[in-house]
Amino acid sequence: MRRVVLTTGANSGIGLATVIELARLGFDSVGSVRTQARAREVSRAAAAAGVKVRTVRLDVTDAGACAEVIDRLRPFGLVNSAGYSAAGAVEDVDDDEARLVLETMVLAPMRLARLALPHMRERGDGRIVNMSSVYGLITTPLTGWYQASKHAIEALSDALRVEVARDGVKVVLIEPGGFRTGIWREATATLERRAGSRYGPAYRRAESAIRTADWMMADPGGVARAVGRAMTATSPSPRQLVGYDAQALARVWNRLLPTEIKDRLARISLGL
Ligand SMILES: NC(=O)c1ccc[n+]([C@@H]2O[C@H](COP(=O)([O-])OP(=O)(O)OC[C@H]3O[C@@H](n4cnc5c(N)ncnc54)[C@H](OP(=O)(O)O)[C@@H]3O)[C@@H](O)[C@H]2O)c1
């Protein structure tokens, strides 16, 4: 029996690359999608890659659906990848938007992990891979809620990893830098929607930085391979920074630069 791994947000970007990579590695790879049309996109991409990927319909903010999917699949592995940019200055994000960010990228991954744990414990073996970001380690302006969600997933994963270690369950954080996926299109669209804000000029600078950075971004295959290692290594590294930009930012931005200098650089580059 092939071991089941559920990856959320599987129709695009890192999630899509991950379900294909896990199928290649021999897992019964199941990807969650929100619509039937997106399920067809996953099947087509998997077929083009010469592998088979199953899909399940799941909006991760639906607690009942999360329970139903986990009970049905009883996964060996869970990859919490579903997410979005939540772009916007702190002052521009209202309570409902902020709640949705935390619901999607903090509560939902932890709920899915909590639901999957009894099945993993019963088997004495399991893997939970949480898609964090280099923005779980550093903070810059204009995506404060996104970064708050990634800092939270870092803290929760660090706690969970130790709590479940004796049951044979391994918890891994993946911390990518910039990879070419749908999240950047979605970020630009969100910033454009907020264009009338007092932060409008800073948003325009951020958008142009995203467009300029596009050619430097790699395809998300490298992140998928890191997830593959997290699923297959006997002792996977508990956190994996993926990409040279992530490694440079984590090392230089946080460790070498004093806060006053970081703030000054961010203000100059965004005109804040
Ligand atoms: N790309 C990067 O540079 C980068 C860097 C660091 C971390 N990450 C992280 O990587 C993960 C994947 O992002 P990506 O870059 O691959 O972006 P993406 O291409 O936009 O994919 C995001 C996926 O999440 C799904 N999703 C969003 N909200 C959902 C919900 N409530 N329920 C179920 N699925 C939901 C989307 O589904 P729909 O198509 O239905 O909206 C889509 O499949 C995210 O957690 C992101 O924070 C990305």
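Both counts, for ligands and for their atoms, begin at 1 and track the order of listing.
Ligand 1 does not have Met217 within reach: every non-hydrogen atom of the residue lies 4.0 Å or more from it. Note on ligand 1: Leu58 sits in its first shell, one or more heavy atoms being nearer than 4.0 Å. Not a single heavy atom of Thr8 lies less than 4.0 angstrom from ligand 1. For the ligand labelled ligand 1, residue Ala246 lies outside the 4.0 Å heavy-atom shell. No heavy atom of Glu186 sits closer than 4.0 Å to any atom of ligand 1.
Taking only nitrogen or oxygen atoms, main chain and side chain alike, Thr104 does not reach within less than 3.5 Å of ligand 1. Considering backbone and side-chain atoms alike, Tyr84 places every N or O at 3.5 Å or more from each N or O of ligand 1. Inclusion of Gly83 in the set of residues having an N or O under 3.5 Å from an N or O of ligand 1 is warranted. Where the criterion is an N or O separation shorter than 3.5 Å, residue side chain and backbone included, Phe179 meets it with respect to ligand 1. At a 3.5 angstrom cut-off on N or O pairs, Ile183 counts as close to ligand 1. For Ser12, a nitrogen or oxygen atom sits less than 3.5 Å from a nitrogen or oxygen atom of ligand 1, counting backbone and side chain alike. Taking distance alone, with nitrogen or oxygen atoms compared against 3.5 Å, Ser133 stays at or beyond that limit from ligand 1.
Atoms of ligand 1 lying under 4.0 Å from at least one heavy atom of Gly9, given by number and element, are 23 (C), 24 (O), 25 (C), 43 (O). Close contacts of ligand 1 with Gly13, meaning ligand atoms under 4.0 Å from a residue heavy atom, involve 16 (O), 19 (O). Atom numbering of ligand 1 starts at 1 in the shown order; those under 4.0 Å from a heavy atom of Ser132 are 6 (C), 7 (C). The atoms of ligand 1 that sit less than 4.0 Å from any heavy atom of Met131 are 9 (C), 10 (O), 11 (C). With ligand atoms numbered from 1 in the order given, ligand 1 contributes 3 (O) to contacts under 4.0 Å with heavy atoms of Gly178. Residue contact check: Trp184 has heavy atoms under 4.0 Å from atoms 1 (N), 2 (C), 3 (O) of ligand 1.
Residue contacts with ligand 1 for Lys150 involve side-chain atoms from C-beta outward but no N, CA, C or O (heavy atoms, distance under 4.0 Å). Residue contacts with ligand 1 for Ala108 are absent, since no atom lies close enough (heavy atoms, distance under 4.0 Å). Contacts between Tyr135 and ligand 1 below 4.0 angstrom, taking non-hydrogen atoms only, are absent altogether.
Here the side chain of Tyr146 pairs no donor or acceptor atom with the backbone of Tyr135 at under 3.5 angstrom. No donor-acceptor distance shorter than 3.5 angstrom exists from the side chain of Arg54 to the backbone of Asp28, with no hydrogens or angles considered. Within the 3.5 Å criterion, the main-chain N or O of Ser132 finds no donor-acceptor partner in the side chain of Asn130. In this structure, the side chain of Trp184 engages the main chain of Phe179 through a donor-acceptor pair within 3.5 Å. Between the side chain of Arg38 and the backbone N or O of Val33 there is no donor-acceptor pair closer than 3.5 Å. A donor-acceptor pair is defined here as one N or O able to donate and one able to accept, closer than 3.5 Å; such a pair exists between the side chain of Ser29 and the backbone of Val19.
With respect to atom 35 (C) of ligand 1, the closest heavy atom belonging to the protein is Ala82 CB, 3.5 Å. Summary of contacts: the protein heavy atom closest to atom 42 (C) of ligand 1 is Asn11 OD1, 3.9 Å.
Residues satisfying the side-chain contact (heavy atoms from CB on, under 4.5 Å) test with Arg3, not counting sequence neighbours, are Phe27, Phe76, Asp125. Shown here are the salt bridge (charged side-chain N to carboxylate O under 4.0 Å, His left out) partners of Glu103, two or more places apart in sequence or in another chain: Arg111.
The NZ atom of Lys150 lies 14.0 Å from the CD1 atom of Ile138; values are rounded to the nearest 0.5 Å. Atom CZ of Arg185 and atom CG of Asp214 lie 9.5 Å apart (nearest 0.5 Å).
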TODO: Would you please test Gln147 and Thr140 for side-chain hydrogen bond (donor to acceptor under 3.5 Å, both in side chains) and show each step?
DONE: CA-CA 8 Å; Gln147 296 175 28; Thr140 56; 3.1 Å; yes

TODO: Any chance you could lay out the salt bridge (Lys or Arg N to Asp or Glu O under 4.0 Å) test for Arg24 and Glu21, step after step, and finish with the verdict?
DONE: CA-CA 5 Å; Arg24 264 196 206 114; Glu21 176 68 12; 3.5 Å; yes

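There is a side-chain donor-acceptor pair under 3.5 Å between Thr190 and Glu186.
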